[in-house]
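Side chains included, hydrogens not; waters and symmetry mates left out as well; all remaining heavy atoms used. Both ligands and their constituent atoms are indexed starting at 1 by order of listing.
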Amino acid sequence: MRNWIVAGNWKMHNTIAESVSLAQAIKEATTAVKNGEVVVAPPFTALHSVSETLKGSAVKLAAQNMYPEDKGAFTGEVSPLMLKDAGCAFVIVGHSERRKYFNESDNQINLKVRKALTTGLKPIVCVGETDGERNSGVTQAVVNRQVRKALDGVGVGQMDRLVVAYEPVWAIGTGKVATPEQANDVHDFIRRLLVEIYGCAGADVRILYGGSVTKDNIAELITIEDIDGALVGGASLKADAFLGIISKMP
Ligand code: 13P
């Protein structure tokens, strides 16, 4: 049995005050949530304040990125120890915006995944094809490469803390959500890959769908066997929209 996760990736939005007020609204409205986890990923500047706000609730905190070293001369970067210190349980790794705008490679993403796991953070590893890749019929090849490289050197004993997010790049922020069939194909593919590499431990990994998720399209997606929740961008910035998605979880 896999518990669902609904995670809100706030990206580069929200001041500290805005973050705290959004977190407070989510905290108050999710006290009765069962069988799943609600996660919010505010910007770095708001992590600690949001962590204080979420105390006494089951809502978990995630960072949107990290640098794969404990500390050192890495100006502008934030370490996994600092994220834990700020109250994070999860960290998003390899988001397509990081791959695209900051040239994050599969190798760097692999270092981050491994470091997050050894530090005790749960990585939410993002994979997904671009529009061009889908149109050229290489979706599975791309996702295969991204998953295998991200998990290179990751052991079977770490599977219980791994989360994978399938986020087709063409669906992010476009309002063009993957059809249930498209999502099912790739989630099923990722599941088979995880089981091929990790045996039954791979069957327990949560695989989230991300890309233009709203309260109106999640109900159908969440009925799909290998969709274990959602990674939400735009619709996570307003409490009502985010809570509407959570209300559709089984
Ligand atoms: P949207 O929900 O805004 O499409 O963003 C998805 C995303 O990138 C979550 O990480």
Side-chain angles (χ1 to χ4, degrees), residues 4-14 18-19 22-23 26 36-44 46-47 50 59-66 83 88-102 104 109 112-113 116 121-131 133-134 139 142-143 146-147 150 162-180 182-183 186-187 190 206-222 227-249:
W4 55 262
I5 295 180
V6 173
N9 174 9
W10 297 357
K11 307 192 179 183
M12 201 171 72
H13 293 284
N14 292 339
E18 287 163 348
S19 297
L22 180 54
I26 293 166
E37 289 179 290
V38 177
V39 179
V40 293
F44 285 129
L47 283 175
V50 168
V59 180
K60 308 269 176 21
L61 191 65
Q64 299 174 17
N65 183 31
M66 55 165 260
L83 298 181
C88 292
F90 291 83
V91 59
I92 298 171
V93 176
H95 192 280
S96 69
E97 286 148 19
R98 299 226 42 101
R99 293 180 192 257
K100 178 176 174 195
Y101 300 123
F102 306 99
E104 274 191 20
I109 291 161
K112 292 182 185 196
V113 171
L121 289 165
K122 296 178 180 178
I124 302 174
V125 183
C126 302
V127 299
E129 80 289 0
T130 63
D131 206 16
E133 288 164 340
R134 173 162 286 268
T139 297
V142 168
V143 170
Q146 290 174 332
V147 171
L162 177 75
V163 180
V164 174
Y166 169 55
E167 298 205 303
V169 178
W170 47 269
I172 295 178
T174 57
K176 207 170 125 192
V177 66
T179 64
Q182 288 171 326
V186 182
H187 279 249
I190 295 171
R206 267 94 52 95
I207 309 175
L208 314 183
Y209 169 79
S212 295
V213 168
T214 64
K215 65 176 172 25
D216 299 320
N217 57 38
I218 193 63
E220 192 173 4
L221 290 168
I222 198 66
I227 297 188
D228 304 312
L231 181 55
V232 188
S236 71
L237 294 173
K238 292 271 181 292
D240 284 356
F242 190 58
L243 294 167
I245 294 168
I246 295 166
S247 74
K248 302 285 164 57
M249 291 299 116

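The closest approach between a heavy atom of S212 and any atom of ligand 1 is below 4.0 Å. Contact between G173 and ligand 1 is present, with at least one heavy atom of the residue lying under 4.0 Å from the ligand.
Ring geometry, Y166 versus H187: the interplanar angle exceeds 60°, so the pair is classed perpendicular (tilted spans 30 to 60°).
Residue, atom and distance of the protein heavy atom nearest to atom 2 (O) of ligand 1 are G233 N, 2.9 Å. Of all protein heavy atoms, the one lying nearest to atom 7 (C) of ligand 1 is E167 OE2, 3.1 Å. Among protein heavy atoms, atom 3 (O) of ligand 1 sits closest to G234 N, 2.8 Å.
Between the side chains of H13 and E18, not a single donor N or O lies within less than 3.5 Å of an accepting N or O.
At a heavy-atom cutoff of 4.0 Å, ligand 1 is contacted by both the backbone and the side chain of I172. Only the backbone of A171 comes within 4.0 Å of ligand 1, counting heavy atoms alone; no side-chain atom from C-beta on gets that close.
Residue pairs satisfying the side-chain hydrogen bond (donor to acceptor under 3.5 Å, both in side chains) criterion with at least one member in residues 232-242, sequence neighbours excluded, are absent. For residues 92-101, the set of pairs meeting the salt bridge (Lys or Arg N to Asp or Glu O under 4.0 Å) definition, not counting sequence neighbours, comprises K11-E97, R98-E104, R99-D106.
For ligand 1, the polar-atom distance check against T174 finds no nitrogen or oxygen pair separated by under 3.5 Å.
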